[in-house]
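Numbers here are sequence positions counted from 1. All ligand and atom numbering here is 1-based and tracks the order in the structure.
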Amino acid sequence: MKVLLVTGGAGFIGSNFIRYLLEESGYAGKVVNLDKLTYAGNLENLAGIAERFPGRYAFVRADIADGEAVEAAILTHGVDAICHLAAESHVDRSIAAPDDFIQSNVVGTFCLLELARKHRERIRRFHHVSTDEVFGSLGPEGQFREDTPYHPNSPYSASKAASDHLVRAYHHTYGLPVTVSNCSNNYGPYQFPEKLIPLLIANALEGKPLPIYGDGKNVRDWLYVRDHARALWTILQKGRVGETYNIGGRCEKTNLEVLEALCAILDKRAPRPGGSYRELKTFVPDRPGHDRRYAMDCVKLEVELEWLPEESFESGLDKTVQWYLSNREWARRVQNGEYREWIRRQYPL
Ligand code: NAD
Ligand code: DAU
């Protein structure tokens with residue numbers, strides 16, 4: 001792997017992955033970050049990277065569904081591997097307006113696969129980043145395994161399931177050298193404040209209500225984003241072609257437990273005059289079709305590829321809170337839309 005195309009590299013996980021690749025992994029090649037810069041794409045997540053790694057990082061603004069633009073990027077930069085993260089990622093948005101999810105997650109992935117097939121002599125690996133949500137919802141017991149049947153419940157998870165099936169089919173039919181990973185809920189630096197943890201931090205610091213859907217007892221399995229980046233790099237290096245790997249933190253928490261843990265850290269690190277942050281907790285109407293519980297069995301990744309998370313929920317959450325406290329300017333620019341300035345300058349209407 002000399003030139004790795006990372007799609008969605010300006011998003012939350014993509015930018016953390018690129019930082020990990022260039023700063024920590026030991027990867028000596030070049031990263032080409034191809035991103036459409038939707039509302040979720042923010043090049044400020046990668047501030048300083050191009051300067052610190054001259055010749056080893058390039059940015060291309062393009063839609064993965066734009067075959068000509070992506071093909072030009074592949075040929076210009078001599079791409080020989082793809083790590084595909086670009087997607088519409090927020091479940092609530094998919095419920096309100098599913099269209100973009102079908103276009104980017106399904107059609108966009110199909111377009112990338114077609115290019116990988118066309119240029120199969122040069123593309124040695126296509127890694128597809130997916131989610132545990134494709135498996136549906138669990139009762140109180142059990143965990144998702146790699147061979148658990150798919151049962152997606154939201155437009156988001158259905159679109160990710162469709163893309164997973166296409167990737168698998170391109171391996172089975174055309175012999176494309178693919179790997180797939182399905183990961184649980186990530187948290188950490190640079191996460192857009194629409195997702196639970198950064199939303200709670202942002203609202204708490206502004207003294208706003210902390211919204212909890214339904215009874216707050218839905219369970220998610222939480223993983224610190226750098227551990228996801230480490231897992232992706234491990235799979236790119238050692239994963240067996242045609243295989244799927246579950247990634248998770250073995251860290252099941254109800255949403256109420258997440259809120260409690262966050263408020264305890266915030267109470268310590270940024271005390272709120274007049275009381276605890278938990279007083280801001282507010283129950284709001286439930287998400288339609290809200291999956292009750294996710295839990296991942298990641299034995300395959302742990303045993304076969306010798307990956308283990310390095311961060312516990314306590315240490316990861318503490319680092320996350322500290323990051324948001326030290327980067328309030330980043331959060332402010334995201335919240336008031338200033339982070340879009342660069343795009344407005346580069347691509348005037
Ligand atoms: P994100 O919303 O923060 O970032 C998505 C990025 O993709 C953005 O930079 C956006 O501009 C880009 N993008 C969207 N549509 C595009 C298109 N058509 N062409 C090019 N770029 C496009 O998402 P994230 O949370 O970083 O998730 C990244 C990937 O990981 C997604 O595939 C998601 O399904 C998957 N995933 C996320 C989580 C999680 O907890 N966030 C967990 C498991 C898997
Ligand atoms: O499981 C992996 C998935 O995790 C990824 O594939 C998705 O891209 C990512 O967005 C995430 O999906 P969730 O729906 O689990 O994440 P979200 O942060 O939106 O919600 C986490 C839980 O918190 C969920 O049970 C809904 C609840 N919630 C969420 C928000 C935004 C609240 O109670 N209040 C809120 O305001």
Side-chain angles (χ1 to χ4, degrees), residues 6-17 33-43 45-46 60-66 69-70 83-95 100-101 103-109 111-112 128-135 137 144 152-154 156-157 159-160 163-164 181-188 190-200 203 209-223 225 228-229 231-232 247-248 253-256 258-259 281-287 290-296 343:
V6 176
T7 70
F12 163 52
I13 300 172
S15 59
N16 276 283
F17 177 57
N33 172 12
L34 186 142
D35 196 299
K36 181 181 174 183
L37 298 181
T38 68
Y39 80 95
N42 182 358
L43 286 175
N45 298 357
L46 290 161
V60 176
R61 189 183 190 198
D63 187 328
I64 49 169
D66 179 348
V70 181
C83 187
H84 173 36
L85 294 101
E88 289 293 334
S89 70
H90 193 47
V91 174
D92 292 327
R93 285 180 191 257
S94 84
I95 294 168
D100 287 348
F101 288 74
Q103 183 57 30
S104 287
N105 302 2
V106 186
V107 179
T109 301
C111 291
L112 273 185
H128 176 61
V129 178
S130 192
T131 168
D132 58 0
E133 302 205 5
V134 297
F135 298 119
S137 187
F144 299 130
N153 287 319
S154 71
Y156 163 69
S157 53
S159 69
K160 291 297 290 187
S163 64
D164 294 9
S181 55
N182 295 86
C183 188
S184 64
N185 284 62
N186 284 217
Y187 66 99
Y190 303 107
Q191 188 167 29
F192 198 84
E194 62 187 353
K195 308 285 186 342
L196 180 67
I197 287 180
L199 177 78
L200 293 182
N203 281 15
L210 307 180
I212 289 290
Y213 297 165
D215 64 5
K217 294 189 180 144
N218 302 66
V219 173
R220 296 292 182 267
D221 169 358
W222 292 95
L223 182 71
V225 65
H228 189 183
L232 296 179
I247 312 173
K253 302 280 174 203
T254 66
N255 295 331
L256 283 172
V258 171
L259 182 142
K281 175 172 70 186
T282 307
F283 287 97
V284 298
D286 209 350
R287 170 186 281 172
H290 196 175
D291 284 340
R292 193 64 173 168
R293 176 172 166 261
Y294 304 144
M296 288 299 254
I343 299 174

Proximal candidate to atom 14 (C) of ligand 1 [heavy atom criterion; set Ala40, Gly8, Ala87, Gly41]: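 It is Ala87 that holds the nearest heavy atom.
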
Got an N/O contact under 3.5 Å between [X] and ligand 1?
X: Asp63; value: yes
X: Asn185; value: no
X: Asn186; value: yes
X: Thr38; value: yes
X: Lys36; value: yes
X: Lys160; value: yes
X: Ser89; value: yes
X: Ser104; value: yes
X: Ala86; value: no
X: Gly11; value: yes

Out of all atoms in ligand 1, which are within 4.0 Å of some heavy atom of [X]? Include the element for each.
X: Ala62; value: 19 (N), 20 (C)
X: Cys183; value: 42 (C), 43 (C)
X: Tyr156; value: 33 (C), 34 (O)
X: Ser130; value: 43 (C), 44 (C)
X: Leu85; value: 28 (C), 29 (C), 31 (C), 32 (O)
X: Leu37; value: 11 (O)

Would you mind telling me if ligand 1 is within reach of the side chain of Ala65, the backbone, both or neither, using heavy atoms under 4.0 Å? neither

Would a distance-only check, ignoring hydrogens and angles, find a side-chain to backbone donor-acceptor pair under 3.5 Å from [X] to [Y]?
X: Asn186; Y: Ser184; value: yes
X: Asp35; Y: Arg61; value: no
X: Ser15; Y: Ala10; value: no

Consider ligand 1: state whether an atom of it lies below 4.0 angstrom from any non-hydrogen atom of Ser15.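 It does not; every heavy atom stays at 4.0 Å or beyond.
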
Any non-hydrogen atom of Tyr187 lying under 4.0 Å from ligand 1?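 No.
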
Can you tell me the protein heavy atom closest to [atom] and the distance?
atom: atom 36 (O) of ligand 2; answer: Leu199 CD2, 3.2 Å
atom: atom 10 (O) of ligand 2; answer: Lys195 CE, 2.9 Å
atom: atom 26 (C) of ligand 2; answer: His290 NE2, 3.4 Å
atom: atom 29 (C) of ligand 2; answer: Tyr213 CE1, 3.5 Å
atom: atom 3 (C) of ligand 2; answer: Glu133 OE2, 3.0 Å
atom: atom 20 (O) of ligand 2; answer: Arg287 NH2, 3.9 Å
atom: atom 8 (O) of ligand 2; answer: Ser89 O, 2.7 Å
atom: atom 5 (C) of ligand 2; answer: Tyr156 OH, 3.6 Å

Residue [X] vicinity, atoms of ligand 2 by number, heavy atom under 4.0 Å:
X: Ile212; value: 33 (O)
X: His90; value: 19 (O)
X: Asp132; value: 1 (O), 2 (C)
X: Thr131; value: 1 (O), 2 (C), 3 (C), 5 (C), 6 (O)

Non-hydrogen side-chain atoms of Asn45 and Phe12 separated by less than 4.5 Å: no

What I'd like to find out is whether the side chain of Glu194 reaches to under 4.5 Å of the side chain of Asp92, using heavy atoms alone. no

Mode of [X] contact toward ligand 2 - side chain, backbone, both, neither (heavy atoms, under 4.0 Å):
X: Asn255; answer: side chain
X: Asn185; answer: both
X: Glu194; answer: backbone

Quiz item: cation-pi between Arg93 and Tyr39, 6.0 Å / 45°: yes

If you measure every N or O of Arg220 against every N or O of ligand 2, does any of those distances drop under 3.5 Å? yes

Does an N or O from Pro211, backbone or side chain, lie closer than 3.5 Å to an N or O of ligand 2? yes

